[in-house]
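Here's the structure, in structure tokens; my notes come after.
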Amino acid sequence: MKFIVLPCDGIGPEIVDASVRVLKAAGTRFGLDFQFDYEDLGFASLEKYGVTIRDELLERSKTYDGIILGTQSHADYPPPEKGGRNVSAAYRIGLDLYANVRPARTRPFLQSNMREGKTMDLVIMREATEGFYPDRNMSRGWGEVMPSPDMALSTRKITRHCSERIARRAFELAMTRKKRVTAIHKANSFHMTDGLFLEAVRHVAKDFPEVVLDDLLVDASTAHLVKEPERFDVLVATNFYGDILSDLCSELSGSLGLAGSIMASDTNCCAQAQHGSAPTIAGQDKANPTSMILSVAMMVAWLGDKRGDAKLKQAAKAIETAVDKVLENPTTRTADIGGSIGCKAFATAVADAVSAA
């Protein structure tokens, strides 16, 4: 089984190295032959090739069993016409990675940002190939224009096809959990676009009579996530809403650095941490690699489900269990969550826990 590894920018190389180390430990324990090819992306690619991502590399990535994608410093890239292409968007569009799966859960042994006595265990299923993002809502050109220096216009795209398929993934996931889906929208204002999304979700719901469907306005959902997070199981949302709510949920549950994330199509899967590139601490062994490690575990679990491979599922579970075991011990936490060890030491502790379990 071969993975393409793309360290990218900021703390990306450090947390990717940590996740690969843990994945190798899981492979050894469960007799899985994991192999890794490395390629440059982001600033390393820009310096070497003049673009942050090459079309050739994007196309070749489709041939791998999985993709391990490090963090990117998008805000610091030059304009697209000068080679600064958005790497995440390129992968989401180029490989049709439409399902951005973002879980958030509290851990009893770690401090969260929830109200006292509240817990969270939910998954946000975010559509990732259309919506308000101007770099992915047109077949040609850019989804924003400036008719004058004092006026800017943005175009939003919502399709029935993309709405229905992300809804189907949400209902399928809910069937393995608490059988509840909440559709997030703003159909009282965006009558056509959010109205179409909500209509598509309700249509798919008919195929899952065991799953309870409700819906919430996106602004109201933020209040409910703070006030009564236990009411939620799987939230399905368009691109922009899902992006915002996943950051909120991850931070409420403990930290963005503790939340895994995958981007998946029907045939490909990419592990990508939820957080940014944190360039101010890059190369200092200060990064928390938990999000990246859990993202890799999610990718392995996705592969296990797709292929019906029990060993892959066991490997993914072993990584998740090992992460929690290491986090439970205050002496093996990184500084951002009250500990004192660095990225490499944390990776070593998780890899050892995987091997010893």
**Message:** I'd like to know if the side chain of Asp96 and the backbone of Ser265 have a donor-acceptor N/O pair within less than 3.5 Å.
**Reply:** no

**Prompt:** Between Asp336 and Lys286, does at least one N-O distance fall below 4.0 Å, as a salt bridge requires?
**Reply:** no

**Prompt:** Are the side chain of Ser291 and the backbone N or O of Ala259 linked by a donor-acceptor pair below 3.5 Å?
**Reply:** yes

**Request:** Would you mind reporting whether Lys325 and Leu327 have side-chain heavy atoms less than 4.5 Å apart?
**Result:** no

**Item:** Ser277 side chain to Ser73 side chain, donor-acceptor N/O pair below 3.5 angstrom
**Value:** yes

**Prompt:** Is atom NZ of Lys82 surrounded by more than 12 heavy atoms (other residues, nucleotides or ligands) closer than 6.0 Å?
**Reply:** no

**Request:** Looking only at non-hydrogen atoms, find the nearest pair between Ser19 and Ile68 and report the distance.
**Result:** OG-CG2, 4.1 Å

**Request:** Identify the two heavy atoms, one from Val354 and one from Ala25, that lie closest to each other, and give their separation to 0.1 Å.
**Result:** CG1-C, 4.0 Å

**Message:** Can a side-chain donor-acceptor contact be found between Gln272 and Ser295 if the only test is distance below 3.5 angstrom?
**Reply:** no

**Request:** Not counting sequence neighbours, which residues clear side-chain contact (heavy atoms from CB on, under 4.5 Å) with Lys317? List them please.
**Result:** Glu320, Thr321

**Request:** Please identify each residue that fulfils ring pair (Phe, Tyr, Trp, His ring centres under 6.0 Å) with Phe30, with sequence neighbours left out.
**Result:** none

**Message:** Do Arg29 and Ser355 pair up side chain to side chain, a donor and an acceptor below 3.5 Å, judged on atom types alone?
**Reply:** no

**Item:** Donor-acceptor contact present, side-chain Asp215 to main-chain Ala183, <3.5 Å
**Value:** no

**Request:** Using a 4.5 Å cut-off on heavy atoms from C-beta on, say whether the side chain of Tyr98 contacts that of Cys162.
**Result:** no

**Prompt:** What residues, two or more places apart in sequence or in another chain, satisfy side-chain contact (heavy atoms from CB on, under 4.5 Å) together with Glu56?
**Reply:** Arg54, Arg60

**Request:** Quick one: list whatever passes side-chain contact (heavy atoms from CB on, under 4.5 Å) with Asp17, sequence neighbours left out.
**Result:** none

**Asked** Is a side-chain donor or acceptor of Ser154 paired with a backbone partner of Glu144 at a separation under 3.5 angstrom?
**Response** no

**Item:** Sequence neighbours excluded, every pair satisfying salt bridge (Lys or Arg N to Asp or Glu O under 4.0 Å) that has a member inside residues 261-279
**Value:** Arg169-Asp266

**Ala287 versus Ile15, closest heavy-atom pair with distance** = CB-CG2, 3.9 Å

**Item:** Presence of salt bridge, Asp65 and Arg307, under 4.0 angstrom
**Value:** yes

**Complete:** Contacts of His161 meeting side-chain contact (heavy atoms from CB on, under 4.5 Å) (sequence neighbours excluded), chain-then-number -> Thr159, Arg165

**Request:** Give the other cluster members for Leu122, using side-chain heavy-atom distances under 4.5 Å between Ile, Leu, Val, Met, Phe, Trp and Tyr residues; answer none if it is isolated.
**Result:** Met114, Met120, Ile124, Phe132, Tyr133, Ile184, Phe190, Leu216, Val218, Leu225, Val226, Phe232, Leu235, Phe240, Tyr241, Ile244, Leu245, Leu248, Leu252

**Request:** Give a yes or no answer on whether the side chain of Asn288 reaches the backbone of Leu258 with a donor-acceptor pair at less than 3.5 Å.
**Result:** no

**Prompt:** Minimum heavy-atom separation for Arg102 to Arg126, with atom names?
**Reply:** NH2-NH1, 3.4 Å

**Asked** Taking the hydrophobic residues Ile, Leu, Val, Met, Phe, Trp and Tyr, and joining any pair whose side-chain heavy atoms are under 4.5 Å apart, which ones share a cluster with Val145?
**Response** Met151, Leu153

**Message:** Is there a side-chain contact between Glu130 and Thr238 in this structure, where contact means two heavy atoms from C-beta onward sitting under 4.5 Å apart?
**Reply:** no

**Donor on one side chain, acceptor on other, Asp40 and Ser45, under 3.5 Å** = no

**Request:** Can you tell me which residue pairs pass the salt bridge (Lys or Arg N to Asp or Glu O under 4.0 Å) test with a partner in residues 291-306, sequence neighbours excluded?
**Result:** Asp305-Lys313

**Complete:** By side-chain hydrogen bond (donor to acceptor under 3.5 Å, both in side chains), Asp150 pairs with (sequence neighbours left out) none

**Prompt:** Is there a donor-acceptor contact under 3.5 Å from the side chain of Asp9 to the main chain of Gly42?
**Reply:** no

**Asked** Any luck finding a side-chain donor-acceptor pair between Thr348 and Arg21 under 3.5 Å?
**Response** yes

**Prompt:** Is any side-chain heavy atom of His275 less than 4.5 Å from a side-chain heavy atom of Asp247?
**Reply:** no

**Request:** Using distance alone, with no hydrogens and no angle criterion, decide if Asn86 and Ser88 have a side-chain donor and acceptor under 3.5 Å apart.
**Result:** no

**Request:** Using distance alone, with no hydrogens and no angle criterion, decide if Gln35 and Asp37 have a side-chain donor and acceptor under 3.5 Å apart.
**Result:** no

**Request:** Taking Glu14 for its side chain and Asp285 for its backbone only, find out whether a donor-acceptor pair lies under 3.5 Å.
**Result:** yes

**Prompt:** Mind checking what makes salt bridge (Lys or Arg N to Asp or Glu O under 4.0 Å) contact with Asp55, not counting sequence neighbours?
**Reply:** Arg85

**Prompt:** Okay, side chain of Gln72, backbone of Gly70: is any donor-acceptor separation there less than 3.5 Å?
**Reply:** yes

**Met292 side chain near Val16 side chain, heavy-atom distance below 4.5 Å** = yes

**Item:** Sub-4.5 Å side-chain heavy-atom contact between Val236 and Phe197
**Value:** yes

**Prompt:** By the rule that ILVMFWY residues connect when side-chain heavy atoms come within less than 4.5 angstrom, directly or transitively, which residues belong alongside Ile53?
**Reply:** Ile4, Leu6, Leu41, Phe43, Leu46, Leu57, Leu58, Tyr64, Ile67, Leu69, Tyr77, Val87, Tyr91, Leu95, Leu97, Met263

